[in-house]
Amino acid sequence: MIAHLDIDAFFAAVELHRHPEHRRKPLVVGGDPAGRGVVATASYAARRFGIHSAMSCAEARRRCPDAVFITPDIGLYRQWSARVWEVLGQWADATEVVGLDEGYLAVGDADPEARAAELQQIVRSRMRLSCSLGVSRAKVVAKVASDHRKPGGITVVPAGHEAEFLAPLPLRALPGIGPRTEERLRAAGLRHIGDLAALDETHELVSGAWGVQIHARARGIDPRPVETEPSERLSVSAERTFSEDIADRRELERRGSEMAARVSERLVERARAASTVTVKMRFPDFCTITRSETLGAPTADAAEIWAVAARLLEGALAERPEPLRLLGVGVSGFDRPRQLPLFGRAGRPSWIAE
DNA sequence: TCTGGGGTCCTAAGCCTC
DNA sequence: TCTGGAGGCTTAGGACCC
C-alpha cells in the first residue's frame, strides 16, 4: 500500500513555531499585502475568513484586516522539510518527497490504518507538526484520500474500493483536473469523478495520452510506484513580477541580465549547460507570452544567455511595445558539460570556449 | 486594487529529413 | 525528380502542481 502524507498548512505551521505569539491569530504566509503578492499558505484560523492559497494578499487583507502577514522563508521550510522526511525515511520501506510539504511512503499491506496513525504520531511528536494521510493501493487515490479529512485526518481506501471512493467526489478533487478542464467536463454534463470514470473509452473527452490517463485515474487505476530517486531537473528559470510595470528598456535590460546571471549561477552549481533559452513576458493585461531559441551548442554563460534573451525580448517588444508586469529568463535542454569547472573564472565556467 | 515563483507535461503547428 | 507519409525537432501556448 502507498500512503500520501501532507503536512497541514506547512509554512504557517513552521512560522507559528518561530512566532508562538501569533498562535491565536489568523496567519498568512505570502507576499506584501500592499503589493502584488499572493497567499502561499494560510493558517486554519485565517482560512475561516475565506483566505486560501493563490489568493492575492490584498484580497486576503480585505477579508481579514487583523491577519498577521509573514514573508515566506523558503530556506527555513526546506530545513524543516528535510528533517521531517529524514525521520519518516526511517519508518517507511521507501519514500518519495514531492515538494516541501508532501510525499508518498511505501507502507506494506499489513494494517494500513495503524501504520498511518504511527506515521502521523511520529510527525506530531518528533516535529510538532500536524499532518493528514491517505492510504491506498493507487498513488492518485492515496493523494485524494489525504485531502479527504484535513487537517489531522487519516483515510484508508481498501484495495478494490478505489473507484467507489472517488466516484462521489467533485471533478476538481482529482489531481490533473484544474479550472479549465473542469469547465470543459462540466460543459459536457459531468459533475463528479464517477461521471468521468463512466465515460466510454472511445469518448472524445478521454482520447489522447492525457485523456487516457485521467480516465484511468478517475477509475482508481494508477500503476506508478513510489519513486525513491529524485528525477533530473529539466529546466532552470528566474522570473520577477515587478511592483510596478516597467516600460524603460534599460531598466528591463538591467533586471533581465540579473536574472540571466542567476540562472547561469544555478547551472554552474549543478555543472550543467543548456541549449534552449526562453524569455517570458507578461503585459499589464496579464497576457503572457514566451519566446525561445535553441543555440548551436549548450552554454552556462550568463552573458551568452542574456544576449539571446535580450534579442528575443527586443523582438517581442517590437511587436507589442508595452510595459511589462513580469519578466523571466529560463533555460532548458541540458547537456552534461565536457568537464567540471575547477578553476573557471567567476561567471564564466571553464567548459565554455574562450 | 485582483491574480507569485519555479517547475512539469501535453498539444499543435511548422519545418525538415528519410 | 516528384510525392507523400512517418517521425523528429523547434517553438509557442496552455494547463496544472506545490
Side-chain angles (χ1 to χ4, degrees), chain A residues 4-11 28-41 51-63 69 71-72 74 77-78 81 96-104 139-140 143-144 146-147 171-185 207-214 217 224 227 230-245 259 262-263 266 275-296 308 312 315-316 319 325-334:
Chain A
H4 180 261
L5 184 148
D6 193 313
I7 304 169
D8 301 319
F10 180 50
F11 294 0
V28 175
V29 181
D32 175 9
R36 288 172 157 173
V38 298
V39 175
T41 309
I51 298 172
H52 55 81
S53 299
M55 171 183 280
S56 81
C57 288
E59 174 64 25
R61 188 163 68 171
R62 229 183 342 266
R63 291 190 185 204
F69 284 83
T71 306
I74 299 294
Y77 311 149
R78 260 192 242 285
S81 173
E96 174 186 345
V97 185
V98 183
L100 294 178
D101 66 338
E102 64 174 278
Y104 296 93
K139 231 175 174 180
V140 69
K143 162 97 174 137
V144 174
S146 73
D147 216 32
L171 290 163
R172 277 300 295 280
L174 193 66
I177 298 185
R180 304 290 173 148
T181 309
E182 183 194 22
E183 203 181 306
R184 247 185 37 222
L185 298 177
S207 65
W210 179 86
V212 168
Q213 183 175 293
I214 209 80
R217 290 186 182 178
R224 292 174 302 163
E227 297 277 3
S231 52
E232 277 275 301
R233 190 169 292 294
L234 300 174
S235 66
V236 169
S237 61
E239 60 183 65
R240 178 63 52 190
T241 295
F242 306 127
S243 51
E244 283 177 11
D245 301 344
M259 291 176 205
R262 211 173 316 142
V263 166
R266 288 164 58 190
S275 52
T276 301
V277 176
T278 303
V279 284
K280 177 172 170 180
M281 292 148 281
R282 180 169 289 153
F283 295 95
D285 65 357
F286 220 71
C287 164
T288 307
I289 63 170
T290 61
R291 293 291 179 266
S292 57
E293 189 177 312
T294 298
L295 314 172
V308 177
L312 294 167
E319 277 174 40
R325 161 189 190 97
L326 169 149
L327 178 62
V329 176
V331 294
S332 56
F334 292 158

Sugar-phosphate or base contact per nucleotide [nucleotides 13-18 of chain C; S, B, -; heavy atom under 4.0 Å]: S-SSSS
Step-by-step side chain to side chain contact (heavy atoms under 4.5 Å, CB included) determination, Arg325(A) to Phe283(A): CA-CA 5 Å; Arg325(A) 161 189 190 97; Phe283(A) 295 95; over 6 Å; no
Regarding [X], tell me which of base, sugar-phosphate or nothing describes its non-hydrogen contacts under 4.0 Å with the strands shown.
X	result
Val236(A)	sugar-phosphate
Ala238(A)	sugar-phosphate
Arg233(A)	sugar-phosphate

Taking [X] for the side chain and [Y] for the main chain, is one N or O donor matched with an acceptor at less than 3.5 Å?
X	Y	value
Ser56(A)	Val38(A)	no
Thr288(A)	Phe286(A)	yes
Ser53(A)	Ala40(A)	yes

Using atom [atom1] of [X] as one end and atom [atom2] of [N] as the other, report the distance to the nearest whole Å.
X	N	atom1	atom2	value
Arg282(A)	dA12(C)	CZ	C1'	15 Å
Asp32(A)	dT1(B)	CG	P	17 Å
Arg62(A)	dT1(B)	CZ	P	9 Å
Asp245(A)	dG4(B)	CG	P	11 Å
Leu326(A)	dG6(B)	CG	C1'	12 Å
Arg63(A)	dT3(B)	CZ	C1'	13 Å
Glu59(A)	dG4(B)	CD	C1'	16 Å
Ile74(A)	dG6(B)	CD1	C1'	10 Å

Distance, C1' atom - from dT3(B) to dC16(C), rounded to whole angstrom: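 Taking atom C1' in both dC16(C) and dT3(B), they lie 16 Å apart.
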Rounded distance in Å between the P positions of dT1(B) and dC18(C): 32 Å
Can you pull every protein N or O that's under 3.5 Å from an N or O on nucleotides 14-18 of chain B?
none

Any side-chain N or O of [X] under 4.0 Å from OP1/OP2 of [N]?
X	N	answer
Thr294(A)	dC9(C)	no
Ser237(A)	dG6(B)	no
Arg240(A)	dG6(B)	no

Between CD on residue Glu102(A) and CG on residue Asp8(A), distance to nearest 0.5 Å: 11.5 Å
Distance (rounded to the nearest 0.5 Å) between Lys280(A) NZ and Glu239(A) CD: 4.0 Å
Selection from [options] that lies nearest to any side-chain heavy atom of [X]:
X	options	value
Glu239(A)	dC2(B), dG6(B), dG4(B)	dG6(B)
Thr241(A)	dG5(B), dT3(B), dC9(B)	dG5(B)
Glu293(A)	dT11(C), dG6(B), dG4(B)	dT11(C)
Ser235(A)	dG4(B), dT8(B), dT10(C)	dT8(B)

Residue mapping more 5' on DNA chain B - nearest nucleotide basis, Gly35(A) or Lys280(A): Gly35(A)
Qualifying residues under side chain to side chain donor-acceptor pair (under 3.5 Å), relative to Arg172(A), sequence neighbours excluded: none
Test item: side-chain donor near acceptor, Thr241(A) and Arg36(A), under 3.5 Å: no
Check: Thr294(A)/Thr276(A) side-chain N/O donor and acceptor closer than 3.5 Å: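 The answer is yes; a qualifying pair exists.
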Enclosure of Arg224(A) CZ (heavy-atom neighbours >12, cutoff 6.0 Å): yes
Cation over ring face, Arg240(A) and Phe242(A), 6.0 Å, 45°: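 Not flagged: Arg240(A) not positioned over aromatic ring of Phe242(A).
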